[in-house]
2 protein chains.
Amino acid sequence: MGRSAEVGTDWQGRLRSRGYRLTPQRQLVLEAVGALGHGTPEEIASAVQERSAAVSVSTVYRTLELLEQIELVRHTHLGHGAPTWSLADDHEHVHLKCRDCGGVEEVDPAVFAPTVRALQEARGFTVDVGHFAVFGRCRECTAALGG
Amino acid sequence: MGRSAEVGTDWQGRLRSRGYRLTPQRQLVLEAVGALGHGTPEEIASAVQERSAAVSVSTVYRTLELLEQIELVRHTHLGHGAPTWSLADDHEHVHLKCRDCGGVEEVDPAVFAPTVRALQEARGFTVDVGHFAVFGRCRECTAALGG
DNA sequence: TTATATGCAAACCCTTTGCAATTCC
DNA sequence: GGAATTGCAAAGGGTTTGCATATAA
């Protein structure tokens with residue numbers, strides 16, 4: 001949380017080259033995602049509004065969708081609530097979500113390499129390991145179960 | 001879809017032994033999940049209502065939660081919409097969801113064995129492979145991308 | 001100038017909740 | 001009889017949409 005990342009320098013070009021306009025809102029959203037590291041649309045909207053009062057939530061949603069299309073940001077589903085957004089070129093990782101305590105830990109995507117390879121070969125399916133969290137029970141909660 | 005499964009015979013005992021009551025609504029929900037194979041709360045409610053007109057949606061939600069606690073049903077998040085519920089003792093599988101066409105295919109959980117083992121050893125994290133779908137791009141959509 | 005982007009408010013989907021009436025045990 | 005369960009309707013979170021206004025190019 002709060003780990004900040006640099007926004008890449010080519011974002012203006014990525015927008016322009018596809019005929020999209022460069023607006024203050026888009027810049028602010030992109031910077032907020034970078035500054036937050038992870039954030040829900042609500043959190044991103046708050047961060048943006050600290051800098052510019054009246055940026056609407058709809059604009060945040062529309063902007064995130066747009067920025068995702070041009071691969072500047074991505075989002076992950078951690079569970080029931082809102083998804084969390086981060087910069088696309090930030091260090092990728094997989095989220096482990098505990099069913100009992102609700103805690104989220106991060107793990108290197110390399111752990112999934114054998115599975116990713118197997119699905120590619122068996123099904124021609126190219127996995128995006130980070131999009132959904134991995135669900136289960138963490139060490140502490142397993143221990144607390146007393147088993 | 002629509003693949004039906006038998007509801008186990010001990011469900012009445014599982015409810016009673018924990019002090020829960022046996023109600024027509026609970027039986028109907030459980031049977032509907034079995035008959036549907038997979039279903040969203042909305043779909044389950046519809047199926048139930050064909051048999052008994054005025055079973056409310058709230059009851060379906062409350063019942064699914066209860067039946068999950070006593071491990072008679074389980075649910076999976078396939079993406080943005082409502083989760084899909086199935087019988088707990090039905091053949092377990094992992095869902096592969098395509099980012100482009102939105103299609104869902106099923107795969108044997110055994111594919112995840114190496115990853116599950118690695119997470120257990122490295123983190124003490126016990127994975128429930130079926131709870132979230134695996135996201136990516138299916139063979140057809142990859143081909144359609146033109147190489 | 002004008003198509004694109006925004007703000008606002010209302011609508012939307014999915015789910016939960018409070019409460020009075022019902023029902024299982 | 002009394003606690004557990006239900007139905008209803010309202011509220012809740014998260015997200016999308018229609019439309020008039022504003023603005024980047």
Side-chain angles (χ1 to χ4, degrees), chain A residues 11-30 32-33 38-49 51-70 72-73 75-85 102 132-133, chain B residues 11-30 32-33 38-49 51-70 72-73 75-85 102 132-133:
Chain A
W11 65 273
Q12 307 184 15
R14 289 193 86 109
L15 279 170
R16 282 234 177 73
S17 68
R18 298 170 206 228
Y20 296 123
R21 293 184 184 168
L22 225 118
T23 66
Q25 288 90 337
R26 287 174 180 171
Q27 174 163 5
L28 287 166
V29 167
L30 193 52
V33 173
H38 279 98
T40 62
E42 202 66 39
E43 290 163 348
I44 294 163
S46 294
V48 167
Q49 284 160 5
R51 300 247 250 133
S52 177
V55 173
S56 74
V57 191
S58 350
T59 296
V60 172
Y61 278 97
R62 287 190 278 230
T63 301
L64 287 171
E65 188 185 359
L66 178 75
L67 295 178
E68 183 163 58
Q69 269 171 34
I70 63 180
L72 289 174
V73 302
H75 76 274
T76 302
H77 296 276
L78 255 34
H80 292 109
T84 144
W85 294 75
F132 286 109
Chain B
W11 65 273
Q12 308 185 15
R14 289 193 87 110
L15 279 170
R16 282 233 177 75
S17 68
R18 297 169 208 228
Y20 296 124
R21 293 184 183 168
L22 224 116
T23 65
Q25 289 89 338
R26 288 174 178 169
Q27 174 163 6
L28 287 166
V29 167
L30 193 52
V33 173
H38 280 98
T40 63
E42 202 67 38
E43 290 164 348
I44 294 163
S46 294
V48 167
Q49 283 160 5
R51 300 246 251 133
S52 177
V55 173
S56 74
V57 190
S58 351
T59 295
V60 172
Y61 277 97
R62 287 191 277 231
T63 300
L64 288 171
E65 189 184 359
L66 178 76
L67 296 178
E68 182 163 60
Q69 268 171 36
I70 62 179
L72 288 174
V73 303
H75 76 275
T76 302
H77 297 276
L78 255 35
H80 293 109
T84 143
W85 294 76
F132 287 108

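A quick note: this is a predicted structure, and the numbers were derived from the prediction, not measured. Each chain gets a letter, A, B and so on, in the order its sequence line appears, and its residues count up from 1.
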Scan the side chains in residues 57-66 of chain A for donor-acceptor partners under 3.5 Å anywhere in the protein, sequence neighbours excluded, and list what turns up.
unit_1	atom_1	unit_2	atom_2	d
A:T59	OG1	A:S56	OG	3.1
A:T63	OG1	A:T59	O	2.6

Take atom [atom1] of [X] and atom [atom2] of [N], then tell me their distance rounded to the nearest Å.
| X | N | atom1 | atom2 | answer |
| --- | --- | --- | --- | --- |
| B:R16 | D:dT5 | CZ | P | 12 Å |
| A:Q12 | D:dA24 | CD | P | 14 Å |
| A:H75 | D:dG14 | NE2 | P | 15 Å |
| A:H77 | D:dT15 | NE2 | C1' | 12 Å |
| A:L64 | D:dT15 | CG | P | 10 Å |
| B:E65 | D:dT5 | CD | P | 12 Å |
| B:Y20 | D:dT5 | OH | C1' | 12 Å |

I'd like to check the side chain to side chain donor-acceptor pair (under 3.5 Å) partners of A:R51; sequence neighbours left out, ordered by chain and number. A:E31

B:E68: which residues meet the side chain to side chain donor-acceptor pair (under 3.5 Å) condition with it, sequence neighbours left out? B:H75

Nucleotide range of DNA chain C contacted by chain A, 5' to 3', under 4.0 Å to a heavy atom? C:dA3 to C:dA9

Stems of at least 3 consecutive Watson-Crick or G-U wobble pairs (donor-acceptor distances under 3.5 Å) involving DNA chain D, listed by first number, are C:1-25 with D:1-25

Do other residues, nucleotides or ligands put more than 12 heavy atoms under 6.0 Å from A:E42 CD? no

Partner set under side-chain contact (heavy atoms from CB on, under 4.5 Å) for [X], not counting sequence neighbours:
| X | value |
| --- | --- |
| A:A47 | A:A32, A:L36 |
| A:S46 | none |
| A:A82 | A:T40, A:P41 |

Tabulated below should be each protein N or O lying under 3.5 Å from an N or O of nucleotides 6-10 of chain D; please produce it.
unit_1	atom_1	unit_2	atom_2	d
D:dT6	OP1	B:T23	OG1	2.8
D:dT6	O3'	B:Q25	NE2	2.8
D:dG7	OP1	B:Q25	NE2	3.4
D:dG7	OP1	B:A54	O	2.8
D:dG7	OP2	B:S56	N	3.2
D:dG7	OP2	B:S56	OG	3.3
D:dG7	OP2	B:T59	OG1	2.5
D:dG7	N7	B:R62	NH2	2.8
D:dG7	O6	B:R62	NH2	3.3
D:dC8	N4	B:S58	OG	3.3

Should B:T23 and B:R26 count as side-chain neighbours, where that means a heavy-atom distance under 4.5 Å? yes

Applying salt bridge (Lys or Arg N to Asp or Glu O under 4.0 Å), can you list everything that pairs with A:R14, at least two apart in sequence or on another chain? A:D10

Of the options B:V73, B:L67, B:V29, which is the one that meets B:W85 in a side chain to side chain contact (heavy atoms under 4.5 Å, CB included)? B:V73

Donor-acceptor contact present, side-chain B:R16 to main-chain B:L22, <3.5 Å: no

Any A:Y61 side-chain N or O less than 4.0 Å from OP1/OP2 of D:dT16: no

Taking the nucleotide of DNA chain D with the nearest heavy atom to each, does B:L22 or A:A82 sit closer to the 5' end? B:L22

